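Inspection log for the structure reproduced underneath, given as structure tokens.
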Amino acid sequence: MPPADPAASHARIHAVVRRIPRGRVASYGQVAELAGLPGAARLVGYALSALGPGSGVPWQRVVNARGALSPRSEPWAELEQRRRLEREGVRLGRDGRIDLDRHGWRPRRGKK
DNA sequence: GCAATGACGCTCT
DNA sequence: CAGAGCGCCATTG
């Protein structure tokens, strides 16, 4: 399969994040893998940051592999993300970490 | 077109 | 457990 176009990868990531159900979180690496870009965790973060408000993408459900939120250019967003997740039923530990064992998204290979 | 940067991940020391 | 190094792809100067 030929290499995917830049815009395609972007769209794939976008689609994967959108399928994350409420109350669950997925890691960047996981999203990247599902998007067909294994090992490109950075791309996910970059793609999301490049997006923006109103994109319809629940970016808040994307956290790092440790289940913690990633500091962004502006610290406000981190708090916003945490607040949104808690509102969806996701509880954070004392260290601000999410129990992936409990809230980690387990995609179904329904893909075909 | 090259170099630097960025919401990351994994392995090794 | 903490720190450093390498890989990954796209965007920007």
Side-chain angles (χ1 to χ4, degrees):
Chain A
M1 163 118 194
D5 290 275
S9 304
H10 199 271
R12 269 190 172 133
I13 291 168
H14 181 181
V16 172
V17 176
R18 259 195 195 199
R19 357 190 334 197
I20 302 174
R22 174 164 115 8
R24 287 220 178 115
V25 296
S27 65
Y28 293 89
Q30 193 171 357
V31 172
E33 193 177 331
L34 290 169
L37 301 164
R42 290 193 133 185
L43 272 300
V44 178
Y46 200 82
L48 291 175
S49 67
L51 279 171
S55 56
V57 180
W59 55 270
Q60 66 250 37
R61 291 175 193 153
V62 183
V63 298
N64 62 29
R66 296 182 215 155
L69 307 185
S70 301
R72 234 164 104 257
S73 306
E74 276 153 80
W76 325 108
E78 191 184 326
L79 293 175
E80 180 76 37
Q81 183 173 13
R82 178 171 149 183
R83 195 176 71 106
R84 282 185 155 188
L85 289 172
E86 286 195 328
R87 192 173 21 148
E88 293 186 355
V90 177
R91 300 271 202 125
L92 288 112
R94 273 179 76 192
D95 292 341
R97 282 213 304 14
I98 299 169
D99 187 349
L100 296 178
D101 205 33
R102 207 163 105 77
H103 296 289
W105 177 39
R106 298 197 327 126
R108 287 192 210 211
R109 13 191 166 200
K111 167 36 144 24
K112 153 180 171 21

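Here is how names work: the chains are called A, B, and so on, in the same order as the sequence lines, proteins then strands, and each is numbered from 1. Everything numeric here is computed off the predicted structure, so don't read it as measured data. The analysis underlying the following values was restricted to heavy atoms, covering all of them including side chains, and did not include hydrogens, waters or symmetry mates.
Nearest heavy atoms, P58(A) versus V17(A): CG-O, 3.4 Å. Nearest heavy-atom pair, I13(A) versus V31(A), reported as atom, atom and distance to 0.1 Å: CG2-CG1, 4.2 Å. The two residues N64(A) and L69(A) make their nearest non-hydrogen contact at ND2-O, 4.2 Å.
Connection of V63(A) to W105(A) is not established within any shared hydrophobic cluster, with ILVMFWY side chains joined at heavy-atom distances below 4.5 Å, either directly or through further cluster members.
Scored by the side chain to side chain contact (heavy atoms under 4.5 Å, CB included) test, L51(A) finds H10(A), L48(A), S55(A), V57(A) as partners (sequence neighbours excluded).
Pairs passing the side chain to side chain donor-acceptor pair (under 3.5 Å) check and including a residue from residues 26-45 of chain A, sequence neighbours excluded, do not occur. Contacts classified as side chain to side chain donor-acceptor pair (under 3.5 Å) and involving residues 84-95 of chain A (residues at least two apart or in different chains) are given here: Q60(A)-R84(A), Q60(A)-E88(A), R61(A)-E88(A).
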Between the protein and nucleotides 11-13 of chain C, list every N/O to N/O distance that falls short of 3.5 Å.
from, atom 1, to, atom 2, distance (Å)
dT11(C), O4', Y46(A), OH, 2.9

Using a 3.5 Å cut-off and no angle test, enumerate the donor-acceptor pairs between side-chain atoms of residues 97-104 of chain A and protein atoms at least two apart in sequence or in another chain.
from, atom 1, to, atom 2, distance (Å)
D99(A), OD1, D101(A), N, 2.9
H103(A), ND1, G23(A), O, 3.4

- Message: Within the 4.0 Å limit for protein heavy atoms, which parts of nucleotides 8-13 of chain B are touched? Write it as a string from 5' to 3', B for base, S for sugar-phosphate only, - for none.
- Response: BSS---

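The separation between E74(A) atom CD and dG6(B) atom C1' is 15 Å, rounded to whole Å. Rounded to whole angstrom, the span from the CD atom of Q30(A) across to the C1' atom of dA7(B) amounts to 16 Å. Between the C1' atom of dC8(C) and the CG atom of L34(A) lies a distance of 16 Å, rounded to the nearest Å. Straight-line distance from the NE2 atom of H14(A) to the P atom of dA10(C): 17 Å, rounded to whole Å.
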